[in-house]
Peer 1: 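Take this structure, written in structure tokens, and hold onto it; I'll ask about it next.
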Amino acid sequence: MAATADYVFTRDFLDNNRINLMHFLWTKLFGYIVHPKIPTEAANLRVADVGTGTGIWLLDVQSSLKEAQLDGYDISFDAAPPSETLPSGVKFRQWDVREDVPDDLKGVYDIINVRFFAFVLLNDEIPRVVARLFSLLKPGGYLQWGEPDLESLRFDTTTPEVKTDNLRALFGLLSVQDPRLKPTWIDRLDNLFTETGFVEVERVTRDAPPHLAFIFHEAGLMIHDLIARKTKNEHMAAELKRLLPAAVEETRQGAYITSLRYLVVGKKP
């Protein structure tokens with residue numbers, strides 16, 4: 001959701017494939033695209049995906065919401081497919097969630113989806129972002145927001161003798177590279193929903209089984225290569241490039257990083 005120059009990733013075809021893969025892994029883990037408590041049967045639904053990236057969530061949900069108007073918001077569409085390829089009900093529009101909500105978007109949406117802002121927003125930006133999303137919704141509308149909880153991050157191994165030293169060092173570099181890469185707000189997101197005025201707030205927690213956690217981990221390894229290519233910190237880039245092959249080898253031996261994953265759902269009264 002950040003401007004191209006301020007975005008920690010690369011917005012290229014490799015990053016796009018990472019985003020798309022993560023979407024399908026996330027959907028596999030949770031078992032749905034839209035939380036089952038959110039009603040989707042009404043006519044003329046207005047649905048928004050904020051921080052849409054490649055648009056993959058909209059393009060996937062479109063098959064089950066064919067009559068809905070599906071709008072994707074982001075500050076850059078470098079990652080998105082050409083508009084000529086989009087289904088007729090899908091549209092993109094520029095809007096930065098850190099800026100005020102345009103008047104014509106206030107109170108118009110039935111469903112809003114947000115996901116993977118953990119590496120995008122600063123901790124102190126989150127309350128204002130939740131409030132802006134609240135203002136986008138109609139009364140009775142729902143917000144669902146999914147994130148990995150990086151404070152629950154752990155290093156698992158298939159056998160006790162497998163080493164994780166390089167994976168630990170690699171991940172440790174993230175928190176010193178950019179404050180956005182060490183979010184502390186995710187575990188209290190449901191409380192922020194309630195404080196903003198949402199009702200019927202629910203947090204769904206998933207801990208991926210080992211086979212799926214390992215696939216999530218390998219997809220996540222791409223992040224380090226992307227940051228190494230994007231960062232202007234030459235020492236950081238060199239360290240990432242030095243550690244990544246060793247971390248990959250530890251992965252081959254059976255080491256992987258995993259965490260809890262949350263989906264928070266709330267209704268605007």
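It should be emphasised that the depicted structure is a prediction, and the values quoted were computed from it without experimental measurement.
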Peer 1: Quick check: closest heavy atoms across Y256 and A213, and the distance to 0.1 Å?
Peer 2: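 Scanning both residues, the minimum pair turns out to be CE1-CB, 3.8 Å.
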Peer 1: Could you report the tightest heavy-atom contact between V265 and Q144, atom names first, then the distance?
Peer 2: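 Heavy atoms of V265 and Q144 come nearest at CG2-CB, 4.1 Å.
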Peer 1: Heavy-atom distance under 4.5 Å between the side chains of Q253 and K163, does that happen here?
Peer 2: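 Q253 does not reach K163 side chain to side chain.
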Peer 1: So do the side chains of L170 and L240 get within less than 4.5 Å of each other, counting heavy atoms only?
Peer 2: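 Touching, per the 4.5 Å side-chain cut-off.
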Peer 1: Can you give me the closest heavy-atom contact between D74 and F77, atom names plus distance?
Peer 2: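 Scanning both residues, the minimum pair turns out to be N-CZ, 3.6 Å.
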Peer 1: For a side chain to side chain contact (heavy atoms under 4.5 Å, CB included) with Y73, tell me which candidate from D96, L136, L105 qualifies.
Peer 2: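 Going through the options one by one, the only one that passes is L105.
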Peer 1: Do F117 and V97 make a side-chain contact, defined as non-hydrogen atoms from C-beta onward lying under 4.5 Å apart?
Peer 2: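 Of all side-chain heavy-atom pairs linking V97 with F117, at least one is under 4.5 Å.
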Peer 1: Check the hydrophobic clustering (I, L, V, M, F, W, Y; side-chain heavy atoms under 4.5 Å; chains of links allowed) and say if I33 and L212 are grouped together.
Peer 2: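 Yes, I33 connects to L212 through the hydrophobic network.
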Peer 1: Hydrophobic clusters here meaning ILVMFWY residues chained together by side-chain heavy-atom distances under 4.5 Å, can you tell me if I112 and V264 are in one?
Peer 2: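 Same hydrophobic cluster.
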Peer 1: Salt bridge check: are D149 and R203 linked by an N-O gap of less than 4.0 Å?
Peer 2: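 Looking at D149 and R203, the cut-off is not met.
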Peer 1: Does E67 have more than 12 heavy atoms from other residues, nucleotides or ligands lying within 6.0 Å of its CD?
Peer 2: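 Incorrect, the count does not exceed 12.
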Peer 1: Check whether K138 reaches the backbone of R46 with its side chain - one donor and one acceptor, N or O, closer than 3.5 Å.
Peer 2: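 Not at all, since once roles are kept as given, no pair shorter than 3.5 Å links the two residues.
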Peer 1: Do R93 and D71 make a side-chain contact, defined as non-hydrogen atoms from C-beta onward lying under 4.5 Å apart?
Peer 2: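 Not in contact.
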Peer 1: Could you identify which residues cluster with V162, counting Ile, Leu, Val, Met, Phe, Trp and Tyr as linked when any side-chain heavy atoms lie under 4.5 Å apart, either directly or through a chain of such contacts?
Peer 2: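 Via sub-4.5 Å side-chain contacts, V162 links to none.
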Peer 1: If you look at every heavy atom in Q62 and V90, which pair is closest and at what distance?
Peer 2: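 Between these two residues, the closest heavy atoms are CG-CG2, 4.2 Å.
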Peer 1: Checking salt bridge (charged side-chain N to carboxylate O under 4.0 Å, His left out) for the pair K106/D103: CA distance, chi angles, key distance, verdict?
Peer 2: CA-CA 6 Å; K106 292 179 180 178; D103 288 341; 3.3 Å; yes
Peer 1: Pick one: which of F198, F134, Y262 meets ring pair (Phe, Tyr, Trp, His ring centres under 6.0 Å) with F193?
Peer 2: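 With F193 as partner, F198, F134, Y262 yield a single ring pair (Phe, Tyr, Trp, His ring centres under 6.0 Å), made by F198.
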Peer 1: Ignoring hydrogens, what is the shortest heavy-atom contact between H23 and D60? Give both atom names and the distance.
Peer 2: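 Minimum heavy-atom separation between H23 and D60: NE2-OD2, 2.8 Å.
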Peer 1: Can you tell me if K268 uses its side chain to pair, donor with acceptor, with the backbone of L137 under 3.5 Å?
Peer 2: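 Yes, because the side chain of K268 sits within donor-acceptor range (under 3.5 Å) of the backbone of L137.
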Peer 1: Between F171 and H224, what is the ring plane arrangement, given parallel below 30°, perpendicular above 60°, and tilted in between?
Peer 2: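 Taking H224 first and then F171, their aromatic rings stand perpendicular (interplane angle over 60°).
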Peer 1: Verify ring pair (Phe, Tyr, Trp, His ring centres under 6.0 Å) between F214 and H211, making sure each step is shown before the conclusion.
Peer 2: CA-CA 5 Å; F214 190 87; H211 68 279; over 10 Å; no
Peer 1: Tell me, with the steps shown, if L86 and L59 meet side-chain contact (heavy atoms from CB on, under 4.5 Å).
Peer 2: CA-CA 8 Å; L86 299 176; L59 296 173; 4.1 Å; yes
Peer 1: Would you please classify the geometry between the F30 ring and the W26 ring as parallel, tilted or perpendicular, with 30° and 60° separating the classes?
Peer 2: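 Because their plane-to-plane angle is under 30°, the rings of W26 and F30 count as parallel.
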Peer 1: Just by modelled atom types, is the L167 backbone N or O under 3.5 Å from a matching donor or acceptor in the E250 side chain?
Peer 2: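 At least one qualifying donor-acceptor pair exists.
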Peer 1: So which of D15, N20, N16 actually passes side chain to side chain donor-acceptor pair (under 3.5 Å) with R18?
Peer 2: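 Only match with R18 under side chain to side chain donor-acceptor pair (under 3.5 Å): D15.
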Peer 1: If you take all heavy atoms of V101 and R132, which pair is closest and at what distance?
Peer 2: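 Scanning both residues, the minimum pair turns out to be CG2-O, 3.6 Å.
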